[in-house]
Amino acid sequence: MDILVPALVCLPFGLAAAVLARADLARSEPPVGWLGLVASGGFALIWSLETTTRFSAFPAGGIFPLALDATMFSGLIAELGDWRMVGRMSSSLADVPTDLYHFASFGFAALAVRLGLEPMQAMPRVWVALGPLFISVGLHLLGRTLAGPAAGIVAVLLLVVLPEPASYGLAQPFLSFHWMSEVSPGAAYAIGAICVSFSLLALWCRERGYRLLAASAAMMALGFLLRAHLVLWAAAPWAAVAVAGWPGLRPLLRAVLLLLGALVLAGGLVFAGRAEVAQVGFGQYAGGFLLLVGTVFVPNGYMGVSTWLVAHLGLGGSALPLALIALGAMGGAPLLTFLMGAVLLRRRLSAIDVLPFALLAWAAALMILAPTPFHGDSSEFRQRGFLLVVVILIAWNARWVLLGLPALAARGAALGLAACAGLLVTWLCVADWKAPRTAYFQQFRATPVSAAMVEGGAWLRAHAVPGGSFVVDRQNLETIAADDGTLLSAFSGLPAWISRAALHLKREGAAATEARHRLDVLAEMAAAPDAAAAMSLLCREGVSFYVVTGDAPSWDPERRAAAFRAEGLSIWPTGTDRPCARPRG
C-alpha cells in the first residue's frame, strides 16, 4: 500500500489543476499559462540541481553537505520503500509502532527505492528534488486563480527573481525561506497542496458551489499527510475566508464569528500549553521563543532590539513587538508591497483577500502562544510554517499587480518570457539563497562522516536479511538529533534496534518503556564475560548486528570476533544469518 502514496498525492493535485484550467477556458482567457509552468519547472530544476550537485561530492569529501536531519529522512524513506525495513515500523526503534506522522511525501522517494535506488540516494535526488516543483506549480496555480493566467506568471516571476528575505533588511537567518525549504523538504509538498486548496477556496468565493469548498477542504486535509506544521498555519486562515465568504451572513454576524473564532483559537493554544505556562510562567511562555530567535540566531538586522524590548517591556510585554519583527523578517519586501497594495486597492478587495491578513495574524499568534511538543523543540509549531507566509505574500503581490495594472492581463506571453529569463537570477543566486547564514546552522551542513561509517553502512546493507536489525554501542542520551545509529540506518536501509534514544525516552507509553528495556540490555551486554555471552543477549532480542564506534568492548578487546573492521568502527554478527528470536514490540 505504501506505493499508492504518490498516486494519492498526485491525483488530487492534477484534478485540481484541471479544474483551474477549465475555469480559465470558461472565461475565454488566452492559454499562456504553459509559459508559467515552464518557468516553474525551470525554477525547480535549477534549485534541485544545486542540492543534488552538492550532495554528489559527499563520498569524496567526507563532509555531509546537507543538514544532518537528512539522514533521519533517509531512514523514513527506507521505512516505506526498502525491503530491509518495510514492516519494521520505526527506523530508530525497530518493531515499535510510530506516532502519527506526516509520511506521505516520503512515498515519492520510497517508490524510487522500490525500483532499486538506495534510500540515501533517493533522499536528495527524488524527495528533496521534487519539493520545489510543488512550491512553484502550486504558487502558479494560486496566482492564476486569484487574478488570471498573467497573475500566475507574475507570481512565478517574483519567485525566481526575488532575493532571499533573510539576506537583507531584518535578515533573520532562522527565517530563511530557501534554507528552510532544503532543511525541511516535506514542507514544499504541503505548500503545493495548500496552494491548490486556497485556489479552490478562491473559486468558491467567486463562483460559489459547495463542491468547490469541499474539494478545498479535502486538499487541506491532504496537506496534513504531507506536513502537519504547514496545515496548522493554514487551517485557521482557510476557516476565516470560509466565514468571510459564506453567503447570507450579515456583516455584524460575520464580524462576531471572526472575532469569536480568533479568541477561541488563541485560548485553545494557551490551553494546549497550560502545563508549560504553569511551569515557566506566561511571560516566558509567550516571549521566550521570540527572544531566543532574536538573540541566538545571529547576525541579524535587529541585533540588540530584542534585549532592549525585554528590558523595557518584560518578556510577556515584548512578545507582540517581537512577533511583528519576525513577520517583517520572514516577509521582507513582499510584505511591505503587500500592505501598500492593500491600502491602494482597498475598495476592490473581496472575501478571499481576508486570507493573507488572517495568515499574518495567526502566524503572530502561533509564534507567541503555540505549545512546545514533547521533545522540547519550541520551533516545531512556532516557526516551521513560516514558509507559507512567504508564498502567500508572493501570490498576493501578483494579484495586486494585475488588479492595479489590468492591461498586463493581455501581456501574458511577454510576462512568461520574462519569467523564463528570470531563471538566470535563480541560477546565479540559488546557492547563496540556500546557504546557512549563521555559524549555528553551518555546523549542521559541515558534519564530518568517516569513510568507515559509509563502508559499515554498505556492509550492513549487503549482509542484511529480512527481519534483521543492528544496534550501536554508544547511545547519546543528551540530544534528540541524529546519532551514529541514524547515520548507519541511512546508509544501510536497515532499522536500528535503538537509536536517538533520548527522543524515545521523552515519548510516553510503550515506546519509552521499550527504549528503557533496550538500554538496560546494552548495559548488561557491556558487562558480559565474553563475546559469546554478549551476542547471546542480542540474539535473544532478535538483533542481527552489534556495532562499536569507539573503544573495543571488554569482552573482545582485540575485536577478533568482529566480521567488519574499519578505523574505529567494528561490527559483530550475533551468530546467525536470520533473527534469533521473535522481535519485541
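Sequential numbering from 1 along the given sequence is applied to the chain's residues.
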Minimal non-hydrogen separation, Ile63 against Arg445, with atom names |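 What the structure gives for the nearest pair is CG2-O, 4.2 Å.
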Write down the atom of Trp555, the atom of Ala534, and the distance for their closest heavy-atom approach.
->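 Looks like CE2-CB, 3.5 Å.
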Ignoring hydrogens and angles, state whether a donor on the side chain of Ser570 or Arg559 is under 3.5 Å from an acceptor on the partner side chain.
->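 Short answer, yes.
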Establish, from distance only, whether the side-chain atoms of Glu514 and His504 form a donor-acceptor pair under 3.5 Å.
->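 No donor-acceptor contact under 3.5 Å links the two side chains.
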Contact check, side chains of Glu380 and His229, non-hydrogen atoms, under 4.5 Å |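 Of all side-chain heavy-atom pairs linking His229 with Glu380, at least one is under 4.5 Å.
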Decide if atom CZ of Phe55 counts as having more than 12 heavy atoms of other residues, nucleotides or ligands within a radius under 6.0 Å.
->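 Counting neighbours around CZ of Phe55, more than 12 heavy atoms of other residues, nucleotides or ligands fall under 6.0 Å, so yes.
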Assess whether atom CG of Asp520 is packed by more than 12 heavy atoms of other residues, nucleotides or ligands within 6.0 Å.
->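 Counting neighbours around CG of Asp520, more than 12 heavy atoms of other residues, nucleotides or ligands fall under 6.0 Å, so yes.
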Backbone N or O of Phe177 within a donor-acceptor pair of the Glu164 side chain at under 3.5 Å?
->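 Side chain of Glu164 to backbone of Phe177: a pair is present.
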Please answer whether the main-chain N or O of Gly385 pairs with a side-chain N or O of Arg227 as donor and acceptor at a distance below 3.5 Å.
->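 The answer is no, because no donor-acceptor pair under 3.5 Å joins these two groups.
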Any idea how Phe174 and Phe441 line up, ring-wise: parallel (<30°), tilted (30 to 60°), or perpendicular (>60°)?
->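 Phe174 vs Phe441 ring planes: parallel.
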Parallel, tilted or perpendicular: ring planes of Trp433 versus His178, cut at 30 and 60 degrees |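 Ring orientation, 0 to 90° scale: parallel.
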Is Arg384 paired with Asp377 through a side-chain N to carboxylate O contact shorter than 4.0 Å?
->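 Yes.
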Listed partners of Phe73 passing ring pair (Phe, Tyr, Trp, His ring centres under 6.0 Å), at least two apart =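 Listed in chain order: Trp127.
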All pairs passing side chain to side chain donor-acceptor pair (under 3.5 Å) where residues 279-293 contributes a residue, at least two apart |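 The answer is none; no pair qualifies.
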Can we call the ring centroids of Phe297 and Trp179 under 6.0 Å apart?
->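 No, the ring of Phe297 stays outside the 6.0 Å limit from the ring of Trp179, centre to centre.
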Given the side-chain rings of Phe108 and Tyr189, with only the six-membered ring counted for Trp, is the space between their centroids under 6.0 Å?
->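 When the ring centroids of Phe108 and Tyr189 are compared, they turn out to be within the sub-6.0 Å range.
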